[in-house]
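Counting begins at 1 with the first residue of the sequence.
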Amino acid sequence: MFSNYKLAIGLFASGGYLATAAPCDIYAAGGTPCVAAHSTTRSLYSAYSGNLYQVKRADGTTLNITPTSGIANSAAQDTFCAGSTCVISIIYDQSGKGNHLTQAPRGSAGAGPASGGYDNLANATAAPVYLNGTHKVYGVYVASGTGYRNNKAVGTATGDAAEGIYAIFDGTHYNGGCCFDYGNAETGSNDTGAGHMEAIYFGNCNVWGTGAGRGPWIMADLENGLFSGVNAKNNAGDPTINHRFITAIVKGKPGNSWALRGGDATSGSLSTFYSGVRPNGYNPMKKEGAIILGIGGDNSHGAVGTFYEGAMTSGFPSDATENSVQADIVAANYATTG
């Protein structure tokens, strides 16, 4: 399927970054199309030119940020927010399904710190980074109490249906709180039991599962547990991973199978940290299909982290497809300085 398909290659041009194929083009070519695609840094489809995210100024005025040649137009944000403060009020879904992320409501773990029990919104300028050496962009800086959610997502996996999830995080911004997640969660913001979630977790929480070393680790939040493999506690095959930019992947499918993968988002290939059967009590899965960022499924909001981009697919992506996505991510050249 992939032999005749071009891998994503970053190119320089007078207008900025061009890509022959972006992550969601690659997933589609592999037969596992994106059903949600979120990024405040760049387009996740090579042809996408719509809204990436919305910023809200202290006076309540908003501005949608769009890409220029595939990269977020941060200059528009800087001009708009100059002399004021801004938060990221919406992270738009690029898949066309309308699975946008907005301020998360209260859940069974409690209310958020914002008005009405909602979680806080991220400071729009707290996570500046660069793409392709010179293009400044902003990530989503999740401080404790910050969270985004969509409880009415369309097309995401439910029940035991197959899906894949990838994300790029700041590997140096984490804590041991619950839970810095991105992925599939409960539609009512309540803990409805084991198997009702399938999301990427990043941090060094050691209440449930752990990996090798002291963390941080990429793990899967499957509800009522963070898992680094089949065991409910330690799985030594899941390494401490703290690159400045990390690629994290969780995927699962019917037949009692799931996998955990990751790597350095700026160089090299992905490694598989676990691939096999699910933990006891998690087969079959009972996924509900909501989407969360920065919080647990029940709105636990004690974690911190930074998110740059991520997507969720319909179907179980092959390792080859994910390896090609990783090649595109490396070509995008995330960096801390321009």
Tyr308 and Phe245 aromatic ring geometry - parallel, tilted or perpendicular at 30°/60° bounds: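 Ring orientation of Phe245 relative to Tyr308: tilted.
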Could you work out the complete set of other residues in the hydrophobic cluster of [X], with links drawn between I, L, V, M, F, W and Y side chains under 4.5 Å apart?
X: Val154; result: none
X: Phe316; result: none
X: Tyr92; result: Ile90
X: Met197; result: Ile292, Ile295

Would you kindly say whether [X] and [Y] are connected by a side-chain donor-acceptor distance under 3.5 Å?
X: Thr272; Y: Ser275; result: no
X: Asn123; Y: Thr85; result: no
X: Ser228; Y: Asp238; result: no

By side chain to side chain contact (heavy atoms under 4.5 Å, CB included) - contacts of [X] (at least two apart):
X: Ala36; value: His38, Asp93, Asn99, Ile291, Met312
X: Thr172; value: Asp170, Arg244
X: Lys56; value: Thr62, Val87, Ser89
X: Asn204; value: Tyr174, Trp217

Separation between OG1 of Thr40 and CD1 of Ile65, rounded to the nearest 0.5 Å: 10.5 Å
From CA spacing to verdict: salt bridge (Lys or Arg N to Asp or Glu O under 4.0 Å), Lys251, Asp319: CA-CA 10 Å; Lys251 58 183 177 179; Asp319 286 359; 2.7 Å; yes
Within the 6.0 Å centroid threshold, strictly below: Phe169 and Phe180: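 Yes, the ring of Phe169 comes within the 6.0 Å limit of the ring of Phe180, centre to centre.
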Proximity of Phe307 and Tyr148 rings by center, below 6.0 Å: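 Not close enough - the centres of the two rings lie 6.0 Å or further apart.
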Pairs involving residues 109-212, ordered by first then second residue, that meet disulfide bond (SG atoms under 2.5 Å apart) (sequence neighbours left out): none
Sequence neighbours excluded - disulfide bond (SG atoms under 2.5 Å apart) pairs with any residue from residues 260-304: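 Checked against disulfide bond (SG atoms under 2.5 Å apart) - neighbours excluded - no pair reaches residues 260-304.
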List, one per line, each side-chain donor-acceptor pair under 3.5 Å for residues 101-118, sequence neighbours excluded.
{"from": "Gln103", "atom 1": "NE2", "to": "Asp119", "atom 2": "O", "distance (Å)": "2.7"}
{"from": "Ser108", "atom 1": "OG", "to": "Asp191", "atom 2": "N", "distance (Å)": "3.0"}

Neighbour count above 12 (heavy atom, 6.0 Å) for Tyr48 OH: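 Yes, OH of Tyr48 has more than 12 neighbouring heavy atoms, counting only those of other groups under 6.0 Å.
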Neighbour count >12 (heavy atoms, 6.0 Å) for atom CG, Asp59: yes
Short side-chain to backbone donor-acceptor contact, [X] and [Y], under 3.5 Å:
X: Asp221; Y: Ala199; value: no
X: Thr79; Y: Ala75; value: yes
X: Arg42; Y: Leu131; value: no

Residue pairs fulfilling side chain to side chain donor-acceptor pair (under 3.5 Å) with at least one residue in residues 284-293, sequence neighbours excluded: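 Every side chain to side chain donor-acceptor pair (under 3.5 Å) pair that includes a residue of residues 284-293, provided the two are not neighbours, is Thr187-Glu288, Thr192-Glu288, His196-Glu288, Glu198-Lys287.
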Audit row: Asn190, Asp298, side chain to side chain contact (heavy atoms under 4.5 Å, CB included) steps and yes/no: CA-CA 4 Å; Asn190 299 316; Asp298 59 1; 5.9 Å; no
Heavy-atom closest contact (Pro128 atom, Thr125 atom, distance): CD-O, 3.6 Å
Does any part of the side chain of [Y], heavy atoms only, come nearer than 4.5 Å to the side chain of [X], both counted from C-beta?
X: Arg149; Y: Leu293; answer: no
X: Ser43; Y: Gln94; answer: yes
X: Pro23; Y: Tyr45; answer: no

